Amino acid sequence: AVLVGFVDGVRAWGGLPGNPRRVNVDIGSGVRFGSGSGTVRLDVGFGLRDQQWAISAGWVNAWPGR
């Protein structure tokens, strides 16, 4: 398992619903569990503008030849 930290920024073209500001930033952390065929990722993030928490999970296929 590998622990990760991240900062994620987005610039919405027309703003987000209820938020006319176009730049939004989230910070978070997560964990990665790797195998020969890919990686399972689990992340928790916090929105600096909207003050909301989010949880994300997913599968990332291994790069060919690795």
Side-chain angles (χ1 to χ4, degrees):
V2 176
L3 297 176
V4 298
F6 61 87
V7 176
D8 182 27
V10 63
R11 182 177 184 271
W13 185 259
L16 298 173
N19 183 356
R21 296 180 179 152
R22 295 183 179 198
V23 177
N24 289 278
V25 177
D26 298 336
I27 59 171
S29 62
V31 64
R32 307 290 186 263
F33 300 98
S35 71
S37 60
T39 303
V40 174
R41 62 168 186 77
L42 302 169
D43 296 326
V44 176
F46 181 73
L48 297 179
R49 288 208 188 271
D50 65 6
Q51 305 289 297
Q52 296 292 311
W53 288 94
I55 298 173
S56 172
W59 173 261
V60 181
N61 288 328
W63 283 81
R66 289 192 179 189

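Values in this document were obtained by computation on a predicted structure and should not be read as measured data.
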| request: Name all pairs fulfilling the ring pair (Phe, Tyr, Trp, His ring centres under 6.0 Å) condition that reach into residues 37-57, sequence neighbours left out, sorted by first residue then second. | output: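 Listed by first then second residue: Phe46-Trp53.
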[X] and [Y]: same hydrophobic cluster, using ILVMFWY side-chain contacts below 4.5 Å?
X: Trp63; Y: Val60; result: no
X: Ile55; Y: Val7; result: yes
X: Val10; Y: Phe6; result: no

| What are the two closest heavy atoms between Ala62 and Gly36, and how far apart are they? |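 Closest approach of Ala62 to Gly36, heavy atoms only: CB-O, 3.7 Å.
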All N/O donor-acceptor pairs, side-chain side in residues 28-35, below 3.5 Å, sequence neighbours left out:
from	atom 1	to	atom 2	distance (Å)
Arg32	NH1	Asp43	OD1	2.6
Arg32	NH2	Asp43	OD1	3.4
Ser35	OG	Ser37	N	3.4
Ser35	OG	Ser37	OG	3.4
Ser35	OG	Gly38	O	3.3

| task | Can you measure from CG (Asn24) to CG (Leu48) and round to the nearest 0.5 angstrom? | result |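 Asn24 atom CG to Leu48 atom CG measures 9.0 Å (nearest 0.5 Å).
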